[in-house]
Structure formats: C-alpha cells, structure tokens
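Reviewing the structure listed below.
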There are 2 protein chains.
Amino acid sequence: MELSPTAYVILGMVSRTPHSGYEIKALVDNSTRFFWAASYGQIYPELKRLAEAGLVEGSDAPRGDRKRTVYAITKTGRAELRDWLRRPPETSEMREEGLLKLFFAGMLEPEEGVEILRAMRERRLAVADQLRAMEPEAIEKDDDLPLMVLQGGIEFSQWFADWCDRMEARLLA
Amino acid sequence: MELSPTAYVILGMVSRTPHSGYEIKALVDNSTRFFWAASYGQIYPELKRLAEAGLVEGSDAPRGDRKRTVYAITKTGRAELRDWLRRPPETSEMREEGLLKLFFAGMLEPEEGVEILRAMRERRLAVADQLRAMEPEAIEKDDDLPLMVLQGGIEFSQWFADWCDRMEARLLA
DNA sequence: GGCTCCATGTAATCCGTTACATGATTAC
DNA sequence: GTAATCATGTAACGGATTACATGGAGCC
C-alpha cells in the first residue's frame with residue numbers, strides 16, 4: 001500500500017496507545033514537528049481514510065458528556081507500518097528562506113547580510129530551547145529512538161546557530 | 001507586495017543577468033536546490049505573473065531558429081527584491097522521512113534501526129559530494145554569499161552524515 | 001538515425017495550511 | 001463569567017510535483 005508519510009505519522013502515533021485526533025496533533029507538536037509537522041486539516045480526514053482502509057479502528061471514548069473518538073491501530077495497520085519502516089526513506093526536503101535571502105544578499109550592504117544571519121540564528125536558538133525543554137520528559141520516558149531524534153534536533157539547531165555565528169564573523173572580517 | 005519565496009528566487013536569478021525559464025531551472029538546480037527547489041511547473045507560470053506585475057520583462061532571444069525568451073529584472077522588480085531581502089525570513093521547514101522512520105523504529109529489531117541510519121547517511125554523503133563538486137566553480141566566481149551558502153550546505157550534509165554515524169554506534173552499544 | 005540537450009508550456013493531482021464553525025469542559 | 005483547553009470537522013486556497021506534449025539543435 002502507498003500512503004503519504006503523514007499517514008504513517010498518524011499510524012505510528014496510535015501504534016502503542018489509541019488516541020483522538022486532537023491528541024495526535026498534540027503528540028506531533030511535541031515530537032516530530034521539527035522535521036515533520038501535521039495540521040488538523042490533515043489529521044482528521046486522514047484518520048477517516050485510514051479507518052476506511054482498515055488500518056485503524058475508531059471507537060467512542062467520551063470524556064464526560066463531550067464526544068470523543070479514539071483510534072487504535074489494527075493488525076493490518078501494524079503490518080503496513082512495519083512494511084513502511086523497512087522501506088528506504090524517500091522524502092528529504094528543506095525550505096529555508098533565510099538561506100535564500102543570504103544567497104541573494106550581495107545586492108545589499110554587508111551589515112544587512114549580517115542581519116539575516118542574526119535572524120536565522122535567533123530562530124534556531126529558540127527552537128533549540130523549545131526542544132531542550134522537552135528533553136527531561138523524553139529522558140524519563142526512556143524511549144531510545146524518540147529521545148535520539150529529539151537530541152538530534154537539539155544538536156542540529158545548535159549547530160545551525162553556531163554556523164550563523166561563524167558566518168557573521170566571516171562577513172565582518 | 002506579497003510574493004511567494006519561489007517568486008523571489010526567480011527574481012533573484014534574473015537580477016544580474018537576464019535568463020530563460022530553462023536557464024533559471026538549471027541555475028536553481030546548481031545552487032539553491034538543496035534548501036529551496038523549484039520545478040518548471042512553477043517557474044514558467046511564475047515568470048508570466050512576474051512579467052504581468054512588471055517586475056520582470058521578457059524579450060525574444062532566439063538561438064538559431066529555436067524560440068527563446070529571456071527575462072530581465074525591471075527597476076520595480078529590483079526594488080521589490082531588495083525590500084524582500086530586508087524583511088526578516090519566515091519559512092523554515094524540514095521534511096525528513098528517515099527521522100520519522102527512526103522515531104518509530106522501536107517496533108523493529110535494533111539492526112533495522114541501524115539500516116535507517118545508514119540509508120540517511122548514504123543520502124547525505126551523496127548530497128555532500130554533489131555540493132563539493134560545485135565548490136571549485138563557486139570559488140572561481142568569487143561570489144561571497146553564494147559560496148558561503150554552498151559551503152554551509154556541504155558542512156551541514158557532512159554534519160548530518162556524521163550524526164548518523166554516531167547514532168549508529170549508540171544503537172549498537 | 002538516434003541520443004542528448006535546449007526550450008516552453010499545461011493539466012492533473014497532491015499535499016498542506018489557514019480560516020472558519022461549533023460546542024463542551026475545566027480552571028481561575 | 002470568562003478564558004483556556006479539549007474536541008471535531010470542513011472549505012477555500014495555495015504551493016508544488018509529475019506527467020504529458022511538442023519540437024528544434026547539435027553531436028556521434
């Protein structure tokens with residue numbers, strides 16, 4: 001079967017514990033967001049498609065009087081997820097507007113190039129901080145691979161921020 | 001004015017020398033591609049829109065009998081590009097399917113997680129090699145910022161590959 | 001004659017975000 | 001009471017890829 005990577009994120013998120021669409025969004029925002037985001041506009045329709053395809057199964061799980069549907073992975077879903085995990089990764093993209101601006105910044109004054117580097121640096125440091133704030137919880141959960149990925153995100157953000165620093169020095173030299 | 005970043009890439013590419021859509025595609029593929037790609041399906045329609053908006057100007061420049069239109073930036077276009085360069089960068093995204101797989105690889109054998117890391121590593125090394133192959137030419141051109149960005153791409157790809165290496169060791173420990 | 005590169009474009013489709021709409025529950 | 005959070009969804013739109021279609025030029 002050929003699903004979008006985002007469908008597999010959802011499948012992965014319900015592979016241990018059943019979750020509602022709302023919870024899945026929160027899970028993504030606290031874990032894969034920095035390298036794979038997902039919005040409600042994707043999650044809810046995708047959950048329906050996955051249910052139709054028999055890869056997840058929804059069941060009513062109201063909290064008090066508030067309606068709520070949680071989705072659990074099925075045997076077929078688990079097999080499909082496993083298959084996907086075993087296929088070599090394909091998509092690998094980056095869209096970094098700051099680098100684009102830096103690339104063309106030759107038509108500005110050098111100090112303005114420095115401005116771009118600083119903006120990128122601040123951004124990355126902010127991301128690094130956000131990710132660091134999640135680290136203690138991830139350590140407690142003692143979940144090897146998610147922790148590895150989180151720490152990778154921290155390292156990467158910090159590396160990028162440092163690169164901006166070095167390039168700023170190079171521009172000013 | 002509010003254009004898409006891709007529109008600014010195109011604007012930037014014609015800001016020094018006029019170019020055809022075909023040439024712009026090649027330029028992008030040899031420079032910004034690793035952090036901002038663009039396809040023909042975007043470039044040709046966007047060139048028309050930019051021409052309508054008066055930011056570029058097309059003119060016939062046939063090669064032999066083969067029709068060919070090159071686009072040059074206008075004064076308005078140059079001002080618009082400059083304005084954009086001075087606004088703080090916004091978009092910053094990553095989509096890395098390999099990290100997604102690694103994140104969920106807990107349901108596989110450890111050796112299979114290693115496989116994912118190796119695949120990501122090979123990919124990154126291949127990119128690093130491609131970018132390194134472009135370096136001599138970029139050095140000759142002696143264009144500060146494009147060279148800086150290119151070298152940033154090389155460093156980043158190498159950093160990522162090394163991270164995969166380290167994580168492989170950590171998984172096997 | 002056939003391959004590769006130059007050159008331009010469109011149509012279908014997908015993926016994804018944003019905005020909108022609605023409403024219950026909980027904490028202050 | 002009101003703000004934040006939980007909860008579910010849809011519609012409009014935009015951005016981008018892919019496939020398709022066409023054809024000239026240059027080289028072996």
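Sequence lines set the chain letters: A, B, ... in the order given, protein chains first and strands last, and positions in each chain run from 1.
- B:Tyr22 places its OH atom 16 Å from the P atom of D:dG24, with the value rounded to the nearest Å.
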Next on the checklist: Protein within reach of the bases, or only the backbone? For nucleotides 22-28 of chain C, mark each nucleotide 5' to 3' as B, S or -, using heavy atoms under 4.0 Å.
Outcome noted: -BBS---
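- Enclosure of atom CD in A:Glu111 by more than 12 non-hydrogen atoms of other residues, nucleotides or ligands within 6.0 angstrom is indicated.
- Proximity of A:Tyr22 to A:Leu27: side-chain heavy atoms (C-beta onward) are nowhere separated by under 4.5 Å.
- Taking the ring centroids of B:Phe156 and A:Phe156, they lie under the 6.0 Å cut-off.
- Under the side-chain contact (heavy atoms from CB on, under 4.5 Å) criterion, B:Glu115 pairs with B:Arg118, not counting sequence neighbours.
- With rounding to whole Å, A:His19 atom NE2 is found 13 Å from D:dT8 atom P.
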Checklist entry - Can you give one letter per nucleotide of nucleotides 14-21 of chain C, going 5' to 3': B for a protein heavy atom under 4.0 Å from the base, S for sugar-phosphate only, - for none? => result --SBB---
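- Spacing between atom CG of B:Leu27 and atom P of C:dC6 amounts to 12 Å, rounded to whole angstrom units.
- Between A:Lys25 and A:Gln42, the closest side-chain pair of non-hydrogen atoms is not below 4.5 Å.
- Going from atom CD1 of A:Ile24 over to atom P of D:dT8 covers 9 Å, rounded to whole Å.
- Remark: B:Glu137 CD is loosely packed, at most 12 non-hydrogen atoms of other residues, nucleotides or ligands lying under 6.0 Å away.
- For the pair A:Ser92/B:Arg123, a side-chain contact is recorded, criterion being any heavy-atom separation below 4.5 Å from C-beta on.
- Atom NZ in B:Lys25 sits roughly 16 Å away from atom P in C:dG9 (whole-Å rounding).
- In this pair, A:Trp163 and A:Trp159 present their aromatic rings parallel. The plane angle is below 30°, not in the 30 to 60° band.
- Summarising the geometry, the separation between CD on A:Glu90 and P on D:dT18 is reported as 11 Å, rounded to the nearest angstrom.
- A heavy-atom distance below 4.5 Å is not found between the side chains of B:Asp165 and B:Met167.
- Per the geometry, CD belonging to A:Glu97 stands 11 Å off P belonging to D:dA16, to the nearest Å.
- Rounded to an integer number of Å, the gap from B:Glu23 CD to C:dC6 P is 9 Å.
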